[in-house]
Amino acid sequence: MKTSVMLGTLALAGLAGAAQAATLDDVKARGTLNCGVNPGLTGFAAPDASGTWQGFDVDLCRAIAAAALGDPAKVNYIPLSGETRFTALAAGEVDVLARNSTWTFSRDTDLKLDFPAVNYYDGQGFLAPRALGVASAKELDGATVCIQTGTTTELNLADFFRVNNITYEPVPIANDAEGRQQYLAGACDVYTTDASGLASVRATFETPDDHVILPEIISKEPLGPAVRHGDTEWADIVRWTFYALVTAEELGITAANVAEMAAAPTENPEINRLLGTEDEYGTMAGLDQQWAVRVVQAGGNYGEIFERNLGESTSIGLARGLNALWTQGGLMYAPPFR
């Protein structure tokens, strides 16, 4: 009896292992990574004038493709709305969702998704015309509010107005492009979404200084990539690809110096483990030893990706804030490569 139970357990473990390898196998067989992204949010994911996708989330897609396929260019970007993104992921239309999506209890459990990491710590805010003359969201009693359907912002908005005993009229929008259009057309008094999204939207205006992001942050919005439940190997690849970017920044590894640092073992064992010159960390994840080298080469470390797409020198002009490394007062903290 004991032997048969053990054999049954081993058989189940074998089936589970086969199932868990499905996404990586599919990606390799296809030769491209299907990455779900925002249809157009400047700084995060949007095609440029030549149709090439650019942005903070796009660079994560590229890093994952570099790890899994050896080439950051082997990505098929699939634009998804707030309402269709999770359905598309669950149906297997995308391998990973990198679309500024908030990790919540219900999405993790009820929707059967896994969020391997948080790549941007955010919070919901309000964008208002300076001419409206409000200095606080608590002054918005009776306001019309443009709000994207199928997002966490709907419940956050209702909670905020209820707690502050004020009223509002929602103006439903399908995506950021429609929100921008409706807001500028005066269809709503204010626009609400993640504060980073508001900064992105404002950066596209002809006169961005005519609009102000109000000081209140009314929610916690830990944004990150999502994968399907039950595929732990694939979740590990997405998770550790991101943490490789964070660790690279911690250790001073950049797109410019990673090849040189990977050419021979250094005196720092964590650098060696990350870059494949010591131990077999690539093999543990089902990848080769140079996977993390390619990840950093694809677009730089986490700090380089942030500054290029969202940082204070860009039109979006975001400070690192909570997204600074833990050694610099932020929340970005990678588990050790050990």
Side-chain angles (χ1 to χ4, degrees), residues 37-59 77 79-82 99-102 120 122-140 142-154 156-157 160 168-219 221 223 305-321 323:
V37 294
N38 196 297
L41 185 61
T42 302
F44 282 91
D48 63 16
S50 65
T52 302
W53 284 86
Q54 306 283 350
F56 181 79
D57 288 333
V58 168
D59 280 345
Y77 298 100
L80 297 170
S81 71
R99 191 203 175 283
N100 51 297
S101 298
T102 303
Y120 193 98
D122 211 343
Q124 184 175 337
F126 295 89
L127 180 68
R130 198 175 293 276
L132 190 64
V134 297
S136 167
K138 295 178 181 179
E139 300 173 18
L140 295 175
T144 53
V145 183
C146 281
I147 183 165
Q148 190 171 340
T149 55
T151 66
T152 58
T153 57
E154 290 181 287
N156 294 337
L157 182 66
F160 176 78
Y168 71 100
E169 181 182 342
V171 178
I173 58 171
N175 51 49
D176 295 293
E178 183 183 352
R180 196 163 44 237
Q181 179 184 20
Q182 294 285 71
Y183 171 80
L184 289 175
C188 53
D189 297 313
V190 296
Y191 179 30
T192 186
T193 188
D194 298 338
S196 64
L198 297 178
S200 173
V201 167
R202 186 175 63 173
T204 67
F205 295 167
E206 289 186 9
T207 54
D209 289 341
D210 290 346
H211 305 267
V212 60
I213 297 175
L214 300 179
E216 287 82 5
I217 297 296
I218 67 170
S219 69
E221 304 295 330
L223 310 179
I305 291 171
F306 188 102
E307 293 304 325
R308 181 173 60 253
N309 293 297
L310 306 172
E312 293 178 290
S313 64
T314 70
S315 61
I316 297 172
L318 291 172
R320 288 287 291 269
N323 297 293

Quick check: do [X] and [Y] have side-chain heavy atoms less than 4.5 Å from each other?
X	Y	value
Ser81	Asn175	no
Asp59	Asn309	yes
Glu221	Thr151	no
Pro39	Arg99	yes
Tyr168	Leu140	no
Val145	Leu157	yes

- Verify side-chain contact (heavy atoms from CB on, under 4.5 Å) between Phe160 and Lys138, making sure each step is shown before the conclusion. CA-CA 9 Å; Phe160 176 78; Lys138 295 178 181 179; 4.1 Å; yes

Can you see which heavy atom on [X] is nearest to which on [Y], and at what distance?
X	Y	result
Ala199	Ile316	CB-CG2, 3.8 Å
Phe44	Ser196	CZ-OG, 3.4 Å
Leu127	Arg202	CD1-CD, 4.1 Å
Asn100	Asp57	N-OD2, 3.1 Å
Gln54	Asp48	NE2-OD2, 3.4 Å
Thr144	Cys188	OG1-CA, 3.2 Å

In Å, rounded to the nearest 0.5 Å, how long is the span from [atom1] of [X] to [atom2] of [Y]?
X	Y	atom1	atom2	answer
Thr314	Glu307	OG1	CD	8.0 Å
Asp122	Leu318	CG	CG	8.0 Å
Thr192	Leu214	OG1	CG	9.5 Å
Thr42	Arg180	OG1	CZ	6.0 Å
Cys146	Glu178	SG	CD	8.0 Å

Next on the checklist: Between Leu310 and Tyr120, is the side-chain contact (heavy atoms from CB on, under 4.5 Å) condition met? List the steps.
Outcome noted: CA-CA 11 Å; Leu310 306 172; Tyr120 193 98; 3.8 Å; yes

Practice prompt. Walk me through it: do Asn38 and Asp176 pass the test side-chain hydrogen bond (donor to acceptor under 3.5 Å, both in side chains)?
Written response: CA-CA 9 Å; Asn38 196 297; Asp176 295 293; 3.3 Å; yes

TODO: Assess whether side-chain contact (heavy atoms from CB on, under 4.5 Å) is satisfied between Val171 and Tyr191, documenting all intermediate values.
DONE: CA-CA 9 Å; Val171 178; Tyr191 179 30; over 6 Å; no

Review point. Under 3.5 Å, is there a donor-acceptor pair linking the side chains of Gln148 and Thr193?
Key: no

If only side-chain N and O atoms count, and only distance matters, is there a donor-acceptor pair under 3.5 Å linking Ser136 with Glu216? yes

Q: May I have the step-by-step check of side-chain hydrogen bond (donor to acceptor under 3.5 Å, both in side chains) for Thr149 and Glu154, ending in yes or no?
A: CA-CA 7 Å; Thr149 55; Glu154 290 181 287; 5.6 Å; no

### Task
Please step through side-chain contact (heavy atoms from CB on, under 4.5 Å) for the pair Phe205 and Asp210, ending with a clear verdict.
CA-CA 9 Å; Phe205 295 167; Asp210 290 346; over 6 Å; no

